[in-house]
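Below: the structure, in structure tokens.
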Amino acid sequence: MMSSKSRVWIEGAIAAAFAMALSFVPLKFGPGFSISIGMIPVIVYSFRRGAKAGLYSGLIWGLLHFLLGKAYILTVSQALIEYLLAYTFVGFTGLYATKVQEGIKENSKKVSYYLLIGTVVGTLARYLCHFSAGVIFWGKYALWGLSPVMYSLVINGTSAILTGIATYIVVLLLFKKSPKLFLAE
Ligand code: 218
């Protein structure tokens with residue numbers, strides 16, 4: 001039998017691999033907008049297993065980008081911020097794991113609310129990294145005569161909002177269909 005600890009880490013690696021596979025679905029448009037549906041498995045996993053495990057799963061997802069040649073690298077520090085830090089930070093969703101799980105056990109109406117807050121926190125944490133990298137490293141490619149800050153805000157703000165909405169809709173549907181997915185045994 002696998003120890004319960006190994007099971008947590010293996011589930012995290014599976015969630016990361018699933019996220020990476022979803023990252024290959026082409027949902028990019030315009031000069032840099034994108035909807036990142038890979039967030040779905042890592043966010044569900046973070047609600048299920050908590051922040052520490054979620055941060056680990058996000059880190060694996062980020063590292064997979066290098067392994068599969070899917071990383072846009074300008075400099076070493078940019079790559080570290082956008083692929084190690086940003087993807088790891090998705091795991092902050094797990095700060096709401098206890099609230100969600102208690103809510104499910106008590107049949108509380110608040111579960112959808114905690115799922116929303118957790119999804120927003122993980123998405124915001126990740127896109128704050130992309131926003132900062134956007135200002136520092138991508139500013140020189142700014143379009144439409146915008147300043148680096150405004151350009152990064154438009155690109156990363158739009159991507160964050162669309163990604164957050166898409167993720168929340170699917171997370172909510174998964175919760176309604178199968179609340180057990182969010183409960184660690
Ligand atoms: C303004 C701007 N343009 C591009 C990027 C790079 N970026 C943004 C969001 C997500 C990702 C990761 C995988 O696609 C990357 C590399 C930026 N930060 N800012």
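First listed ligand is number 1; within each ligand, the first listed atom is number 1. In this text, all values refer to a predicted model and were calculated from it rather than measured experimentally. Counting from 1, the numbers follow the sequence of the chain as shown.
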Ligand 1 N/O to protein N/O, distances under 3.5 Å:
unit_1   : atom_1 : unit_2 : atom_2 : d
ligand 1 : 7 (N)  : E82    : OE1    : 3.2
ligand 1 : 18 (N) : E82    : OE1    : 2.6
ligand 1 : 18 (N) : H130   : O      : 2.9
ligand 1 : 19 (N) : N156   : ND2    : 3.2

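Scored by the side-chain hydrogen bond (donor to acceptor under 3.5 Å, both in side chains) test, Y87 finds H65, R126 as partners (sequence neighbours excluded).
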Show which side-chain atoms of residues 11-31 pair as donor or acceptor with protein atoms under 3.5 Å away, not counting sequence neighbours.
unit_1 : atom_1 : unit_2 : atom_2 : d
E11    : OE1    : R48    : NE     : 2.9
E11    : OE1    : R49    : NE     : 3.0
E11    : OE1    : R49    : NH2    : 3.3
E11    : OE2    : R7     : NE     : 3.1
E11    : OE2    : R48    : NH2    : 3.1
E11    : OE2    : R49    : NH2    : 2.9
S23    : OG     : A19    : O      : 3.0
S23    : OG     : W61    : NE1    : 3.2

Side-chain donor-acceptor pairs of residues 146-166 under 3.5 Å, sequence neighbours excluded:
unit_1 : atom_1 : unit_2 : atom_2 : d
S147   : OG     : M150   : N      : 3.2
S152   : OG     : F131   : O      : 2.7
S152   : OG     : N156   : ND2    : 3.0
N156   : ND2    : H130   : O      : 3.2
N156   : ND2    : S152   : O      : 3.2
T158   : OG1    : V154   : O      : 2.5
S159   : OG     : S34    : N      : 3.1
S159   : OG     : I155   : O      : 2.9
T163   : OG1    : S36    : N      : 3.0
T163   : OG1    : Y127   : OH     : 3.4
T163   : OG1    : S159   : O      : 2.8

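In this structure a side-chain-to-backbone donor-acceptor pair under 3.5 Å is missing from T167 to I40. S46 places a side-chain N or O within 3.5 Å of a backbone atom of V42 that can act as its donor or acceptor partner.
A perpendicular orientation is assigned to the rings of W9 and Y56, their planes being inclined by more than 60° (bins at 30° and 60°).
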